[in-house]
Number of protein chains: 2
Amino acid sequence: MTLDQETPWLDRQQQRSWRAYLVGTTLLMDRLDRELREQHHLSMAEYEILVRLSEAAGNRMRMAVLADSVSHSRSRVTHTVSRMEAAGLVARDACLTDGRGVEAVLTEHGHAVLAEAAPTHVAGVRRMLVDLVDEDDFEAVGRVFDTVADALVEGNPAMDIR
Amino acid sequence: MTLDQETPWLDRQQQRSWRAYLVGTTLLMDRLDRELREQHHLSMAEYEILVRLSEAAGNRMRMAVLADSVSHSRSRVTHTVSRMEAAGLVARDACLTDGRGVEAVLTEHGHAVLAEAAPTHVAGVRRMLVDLVDEDDFEAVGRVFDTVADALVEGNPAMDIR
DNA sequence: CAGGGCTAGTTGAAGCTTTGACCATTGCCT
DNA sequence: AGGCAATGGTCAAAGCTTCAACTAGCCCTG
């Protein structure tokens, strides 16, 4: 990669965009998390896991796949799932085809909690983001972070430093 | 605000954009934070505070103003500044005009650390985001999160639930 | 089929953030 | 002036995330 003296600064517009993104993301995530906690006793991390499981075949997923799909560390998912298990939202199940594996399974209760939480969460995402902004601009956000995610996803050496 | 049954789901495209944003942001923040920590022993929160102070008149800022400018809670800024103070990056100073107030001041060392960290941090932001995406798309990101931040910034009752 | 190396997942400690209580000071209102 | 609500900042405790081992099972090679 380039040396430091070759790295151009961000121009005025880029700087503005970058800071707006930082501040906006901080406020947005904060609020969505807070709403989920207050109304449904769920963190956003827990909510995302419920969503992923509900979309998975058999409502079950290997821990590692789950971790990758939400882009959280395995350790983090282990802890989060443990808390959710204690709350009866998911269960753990040994994987039949791989003795090392563990699957997280959505319980009845987890399904019910998700069904309750989803509409209000979606409403929040709309109210604070989607319905506020131009549709094309929001698609641009999708393109930008698709690109970022692709570039940063596990094992892309092009993104390593120097 | 609208009732739940009136809230339409996100359409396919919106859903894709929303998830890309979540995943991309998670990966990006993770990496930027890691780079800053490994190369300069700074968290992103600390880095942002250094930047804000370096731009402030007299390199000093009231705690509350600082907190607002990075959109972090006051408590969080208190803790972060305490750690930075222990590391010699900033100093605390009583506010002359308001007996309740405290000002954070950038030290020589803090200035030096920022001068070292900034180029590599900017390089990271470019490498993993700015240089990867279409310029117009990135401006759209700026518009979107400007709007979000405006809507969510302290004391906008329109964004409250129901 | 034994060994080494890899992958899956967990664990506990350390670190950061949030929450809520708390105290001091200030500004407003009468 | 005197009382009282609001503001600024801090702190301790609780919660979540990260980090660095660690266990166990898989797979490849000799």
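Letters go in sequence order (proteins before strands), and every chain restarts at 1.
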Would you kindly check whether a donor in the side chain of [X] faces an acceptor in the base of [N], or vice versa, at under 3.5 angstrom?
| X | N | value |
| --- | --- | --- |
| His79(A) | dG12(C) | yes |
| Ser75(A) | dT11(C) | yes |
| His72(A) | dT18(D) | no |

Out of dG9(D), dT10(C), dC16(C), which has the shortest distance to the side chain of Met63(A)?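 Side chain of Met63(A) sits closest to dT10(C).
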Do the side chains of Leu42(A) and Leu114(A) get nearer than 4.5 Å, heavy atoms only?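 Leu114(A) vs Leu42(A): side chains apart.
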Phosphate OP1/OP2 of [N] contacted by [X] side-chain N/O (<4.0 Å):
| X | N | answer |
| --- | --- | --- |
| Arg92(B) | dT10(D) | yes |
| Arg100(A) | dT23(D) | no |
| Thr78(B) | dT10(D) | yes |

Can you check the [X] [atom1] to [N] [atom2] distance for me, whole Å?
| X | N | atom1 | atom2 | answer |
| --- | --- | --- | --- | --- |
| His41(A) | dA14(D) | NE2 | P | 19 Å |
| Glu103(A) | dA8(C) | CD | P | 14 Å |
| Asp68(A) | dA8(C) | CG | C1' | 12 Å |
| Arg34(B) | dT18(D) | CZ | P | 8 Å |
| Asp33(B) | dT17(C) | CG | C1' | 13 Å |
| Met44(A) | dT17(D) | CE | C1' | 16 Å |
| Met29(B) | dT18(D) | CE | C1' | 18 Å |
| Glu85(A) | dG9(C) | CD | P | 14 Å |

In terms of side-chain geometry, is the basic nitrogen of Glu55(A) or Arg19(B) positioned less than 4.0 Å from the acidic oxygen of its partner?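 The answer is yes: the pair qualifies as a salt bridge.
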For side chain to side chain donor-acceptor pair (under 3.5 Å), just list the numbers for Arg92(A) and Ser82(A), CA-CA rounded to whole Å, side-chain angles, deciding distance to a tenth of an Å, and then say yes or no. CA-CA 9 Å; Arg92(A) 264 185 244 250; Ser82(A) 297; 2.5 Å; yes
Could you check whether Thr80(A) gets within reach of a base, just the sugar-phosphate, or nothing at all, counting any heavy atom under 4.0 Å?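 Here Thr80(A) touches the backbone only, sparing every base.
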If you count every heavy atom of other residues, nucleotides or ligands that lies below 6.0 Å from Arg16(A) atom CZ, does the total exceed 12?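 No, because the 6.0 Å sphere around CZ of Arg16(A) holds 12 heavy atoms or fewer from other groups.
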Map Glu46(A) and Gly99(A) onto DNA chain D by nearest heavy atom, then report which one ends up closer to the 5' terminus.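 This one resolves to Glu46(A).
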Nearest-nucleotide wise, let me know which of Ala45(A) and Ala64(B) is further upstream toward the 5' end of DNA chain D.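 Between the two, 5'-proximity favours Ala64(B).
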Measuring from atom CZ of Phe145(A) to atom CH2 of Trp18(B), what distance do you get when rounded to the nearest 0.5 angstrom?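 With rounding to 0.5 Å, CZ (Phe145(A)) is 11.0 Å from CH2 (Trp18(B)).
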Quick one: on DNA chain C, does Arg83(B) or Arg74(A) contact a more 5' nucleotide (nearest heavy atom)?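 It is Arg74(A) whose nearest nucleotide is closer to the 5' end.
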